[in-house]
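Everything on this sheet refers to the single structure shown next.
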Amino acid sequence: MKSAIRDPAELCRELDLPAQIASRFSAESFRVFAPRGYVAKMVPGDPSDPLLLQVLPRSEETRQENGFVKDAVGDLDASLAPGLIHKYEGRVLLVATGACAIHCRYCFRRHFPYEATPRSLEAWRPAIERIASDNSVEEVILSGGDPLTLVDGLLEQLVCELERIPHLKRLRVHTRLPVVIPERVTSELLALLAGSRLTPIVVIHANHARELEGDVSIAVAKLIQAGVPVLNQAVLLRGVNDAVDSLTELSRALVNLRVMPYYLHQLDRVAGAGHFEVSVERGIELIEQLRARLPGYAVPRYVQEIAGESSKRVLA
Ligand SMILES: *Cc1c(COP(=O)(O)O)cnc(C)c1O
Ligand code: SF4
């Protein structure tokens with residue numbers, strides 16, 4: 001993470017692209033953060049590279065668009081304690097840290113008040129107590145930010161606290177790290193997940209088959225060999241994966257790595273991300289085409305998060 005690219009001009013330079021394609025203004029409101037290994041998978045000289053588009057600050061982000069707001073999914077209303085979000089029965093989401101190993105321009109949490117989220121055992125205490133007091137919660141989802149940006153020691157402290165809560169059965173980790181910095185899947189991390197009393201599930205996030213090249217296969221294989229099921233969630237993004245060939249390749253690459261395509265998310269309408277939106281009609285059409293091409297298990301559920309509903313809404 002220390003060596004990640006944080007300067008838009010440097011990102012362009014690395015890819016032999018003119019610096020003007022990056023918007024300094026957009027980079028000021030949500031800074032650039034792109035790990036070098038991820039950047040190395042981009043095609044130099046291609047301003048519309050699907051990996052580049054996910055991290056490049058563009059002037060379109062400053063466009064005001066109707067219906068695109070800061071808290072697109074009602075997270076602030078569903079917050080029970082600092083960092084704890086309870087929307088769905090049986091599972092809670094813990095924003096374990098605000099830090100990410102990549103800054104995705106379409107992220108629905110790009111305006112989340114991360115300064116206010118806890119990042120130490122003491123700060124997590126109210127959330128842990130709240131989970132302990134609710135017998136209906138079986139599963140904790142570590143999210144963020146990206147929980148795997150925490151050092152193993154801190155993560156272990158958190159998991160130990162959660163293991164002490166008798167009604168908890170499962171620990172889910174939502175992370176982009178195995179994709180963007182696959183070296184993060186260390187033997188210590190594997191021991192922590194595989195050795196936990198809680199059943200571990202890891203949900204990675206890749207939007208394009210090319211993101212899965214290189215050492216990602218090694219990281220994923222280690223998780224699976226350790227007995228950890230790995231699922232993928234992707235976001236339907238204009239210019240990145242809104243074509244049937246691209247989604248087919250993504251699903252193929254995932255299942256060949258033994259990763260189950262879980263969700264394809266409709267973009268959350270967060271301010272600054274309007275240029276990534278694909279219509280729901282087009283999304284449904286894409287899923288129907290995927291279904292005609294792939295085994296059933298390789299077709300993700302196309303879902304949308306709607307504030308106040310009891311689960312994500314399945315669109316197709
Ligand atoms: C998406 C989400 C979950 C997990 O939902 P699943 O359908 O179980 O994957 C849990 N809590 C919150 C707040 C979420 O946004
Ligand atoms: S929370 Fe996930 S989607 Fe958002 S910036 Fe971090 S890694 Fe990207």
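Counting starts at 1 for both ligands and their atoms, following the listed order.
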Ligand-side contact atoms (ligand 1) for residue partner Glu305, heavy atom cut-off under 4.0 Å: 15 (O)
statement: The option among His103, His174, Arg176 carrying the non-hydrogen atom nearest to atom 7 (S) of ligand 2 is Arg176
Proximal ligand 1 atoms for Ile85, defined as those under 4.0 Å from one of its heavy atoms: 13 (C)
- prompt: Do any of the N, O or S atoms of Cys100 sit under 2.8 Å from atom 6 (Fe) of ligand 2?
  reply: yes
query: Between Arg170 and Glu139, is there a salt bridge with N-O shorter than 4.0 Å?
result: yes
field: Carboxylate-amine/guanidinium proximity below 4.0 Å for Arg110 and Glu61
entry: yes
message: Looking only at distances, can you tell me whether any N or O atom of Lys312, backbone or side chain, sits closer than 3.5 Å to an N or O atom of ligand 1?
response: yes
Proximal ligand 2 atoms for Cys107, defined as those under 4.0 Å from one of its heavy atoms: 1 (S), 3 (S), 4 (Fe), 5 (S)
field: Sub-4.0 Å heavy-atom contact, Ile102 with ligand 2
entry: yes
query: When you measure from atom 12 (C) of ligand 1 to every protein heavy atom, which one gives the shortest distance, and what is it?
result: Leu93 CD1, 3.6 Å
- prompt: Does a salt bridge link Asp49 with Lys41, judged by any charged N lying under 4.0 Å from a carboxylate O?
  reply: no
task: Tell me, please: is Gln233 in heavy-atom contact with ligand 1, that is, under 4.0 Å?
output: no
- prompt: Under 4.0 Å between a Lys/Arg side-chain N and an Asp/Glu carboxylate O for Arg269 and Glu65?
  reply: no
task: Would you check the N or O atoms of Tyr262, main chain and side chain alike, for any that come under 3.5 Å of an N or O of ligand 1?
output: yes
task: Looking only at distances, please establish whether an N/O atom of ligand 1 is found under 3.5 Å from an N/O atom of Arg172.
output: yes
Between Glu305 and His265, a side-chain donor and acceptor under 3.5 Å: no
query: Can you tell which of His265, His205, Gln233 gets a heavy atom nearest to atom 2 (Fe) of ligand 2?
result: His205
field: Residue pairs fulfilling ring-ring contact (aromatic ring centres under 6.0 Å, His included) with at least one residue in residues 272-315, sequence neighbours excluded
entry: Tyr106-Phe276
task: Tell me which part of Arg110 gets within contact of ligand 2: side chain, backbone, both or neither, using heavy atoms under 4.0 Å.
output: neither
- prompt: Heavy atoms, side chains only, cut-off 4.5 Å: are Val69 and Val270 in contact?
  reply: no
Proximity to ligand 1 by part of Ile141, non-hydrogen separation under 4.0 Å: side chain
task: Would you mind running through ligand 1 and noting each atom that sits below 4.0 Å from a heavy atom of Tyr263?
output: 6 (P), 7 (O), 9 (O)
message: Between Glu122 and Arg125 (salt bridge meaning N to carboxylate O under 4.0 Å), is one present in this structure?
response: yes
message: Pairs of nitrogen or oxygen atoms closer than 3.5 Å, one from Arg91 and one from ligand 1: do any exist?
response: yes
- prompt: Is Leu162 close to Leu142 at the side-chain level, that is, under 4.5 Å between some pair of heavy atoms?
  reply: yes
task: With sequence neighbours excluded, tell me which residues meet salt bridge (charged side-chain N to carboxylate O under 4.0 Å, His left out) with Arg164.
output: Glu161
